[in-house]
Amino acid sequence: MTDRARVRIERAPIVPERVRRIDGQGFCFIHHRFLREGFFSALSADELLLYLLLVLVGDRNGVSFYHQESLCSLLEMPMHRYLEARNGLIDADLVAFDGRRFQVLSLPAKPLRRATMVLRTEAELEQHDPATVRQLIGRSLGEAAGRRGR
């Protein structure tokens with residue numbers, strides 16, 4: 001079935017007065033293809049976090065000037081992990097980097113598939129297992145929401 005042939009189901013928002021809108025304060029989005037076509041599951045946890053941050057801080061062209069120290073600080077990530085994540089995103093053709101600035105690129109035709117590895121340790125699961133990554137992100141977002149509510 002093609003995208004055009006799919007039936008669109010309209011779902012009413014749960015909280016209509018809080019529907020997200022682009023209001024001129026910023027511009028970011030992640031195309032649904034990112035999840036649907038396997039880009040999400042092809043990235044490590046660090047790559048996902050860096051990608052999300054770069055999407056958030058980019059302008060309408062996806063360009064951002066955040067320095068690596070700022071990115072590491074925001075992500076609470078040591079430099080070696082940041083460099084691995086950055087290089088992974090570049091290799092996956094998701095971002096461009098010219099030494100000073102990043103550009104989040106339109107998605108390539110298909111995600112880069114890496115060789116599969118057997119995940120044994122907690123650290124390996126946190127870095128490479130999409131279900132564990134999703135759980136960590138959800139837990140992190142839940143904790144952040146809890147802190148804001150205090």
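What you see below is based on every heavy atom in this structure, not just the backbone, and it leaves out hydrogens, waters and symmetry mates.
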Q: Output the rest of the hydrophobic cluster of I14: all Ile, Leu, Val, Met, Phe, Trp and Tyr residues reachable through side-chain heavy-atom contacts under 4.5 Å, sorted by chain and number.
A: V15
**Q.** E84 CD to M77 CE distance, which is reported to the nearest 0.5 Å
**A.** 10.0 Å
Q. Should L35 and L136 be counted in the same cluster of Ile, Leu, Val, Met, Phe, Trp and Tyr side chains packed under 4.5 Å apart?
A. no
Q: Classify the ring geometry between F39 and F34 as parallel (under 30°), tilted (30 to 60°) or perpendicular (over 60°).
A: parallel
Q: Measure the CZ-CG distance between R81 and L50 for me, rounded to the nearest 0.5 Å.
A: 11.5 Å
Q. By side-chain hydrogen bond (donor to acceptor under 3.5 Å, both in side chains), which residues pair with H80, not counting sequence neighbours?
A. none
(Q) Within this structure, what is the SG-CE distance for the pair C72 and M79, rounded to the nearest 0.5 Å? (A) 4.0 Å
Q) Who pairs with T132 by side-chain hydrogen bond (donor to acceptor under 3.5 Å, both in side chains), at least two apart in sequence or on another chain? A) D129
Q) Which heavy atom of V55 sits nearest a heavy atom of F29, and at what distance? A) CG1-O, 3.5 Å
(Q) Testing the basics here: between L89 and Y51, what is the closest heavy-atom pair and its distance to 0.1 Å? (A) CD1-N, 3.8 Å
Q.
Tell me whether H31 contacts the main-chain N or O of R33 through its side chain, where contact means a donor paired with an acceptor under 3.5 Å.
A. yes
Q) Is E76 atom CD crowded by more than 12 heavy atoms from other residues, nucleotides or ligands, each under 6.0 Å away? A) no
Q) Same hydrophobic cluster for L74 and L43, using side-chain heavy-atom links shorter than 4.5 Å among ILVMFWY? A) yes
Q) Do L105 and L71 belong together in a cluster built from hydrophobic side chains that touch within less than 4.5 Å? A) no
Q. Counting only heavy atoms not in E10, do more than 12 fall under 6.0 Å of its CD?
A. no
(Q) Can you list everything that forms a ring-ring contact (aromatic ring centres under 6.0 Å, His included) with Y82? Sequence neighbours excluded, please. (A) none
Q.
Would you say that K110 contacts E37 through its side chain, given a criterion of any heavy-atom pair below 4.5 Å between the two side chains?
A. no
Q. In chain order, what residues pass the side-chain contact (heavy atoms from CB on, under 4.5 Å) check against R100, with sequence neighbours excluded?
A. F65, D98
Q: Report the residues that fulfil side-chain hydrogen bond (donor to acceptor under 3.5 Å, both in side chains) with R86, sequence neighbours left out, ordered by chain and then residue number.
A: none
Q. So how far is it from L94 CG to Q103 CD, rounded to the nearest 0.5 Å?
A. 12.0 Å
Q: Determine, using the 4.5 Å side-chain heavy-atom cutoff (strictly less than), whether L75 and L141 are members of one ILVMFWY cluster.
A: yes
Q) Is there a donor-acceptor contact under 3.5 Å from the side chain of D59 to the main chain of N61? A) yes
Q: Determine whether V63 and I90 fall in the same hydrophobic cluster, where Ile, Leu, Val, Met, Phe, Trp and Tyr are linked whenever their side-chain heavy atoms lie under 4.5 Å apart.
A: no
Q) Hey, does L52 have a side-chain heavy atom less than 4.5 Å from the side chain of I30? A) yes
Q.
Restricting to non-hydrogen atoms, name the atom on A42 and the atom on E47 that form the minimum distance, rounded to 0.1 Å.
A. O-OE1, 4.4 Å
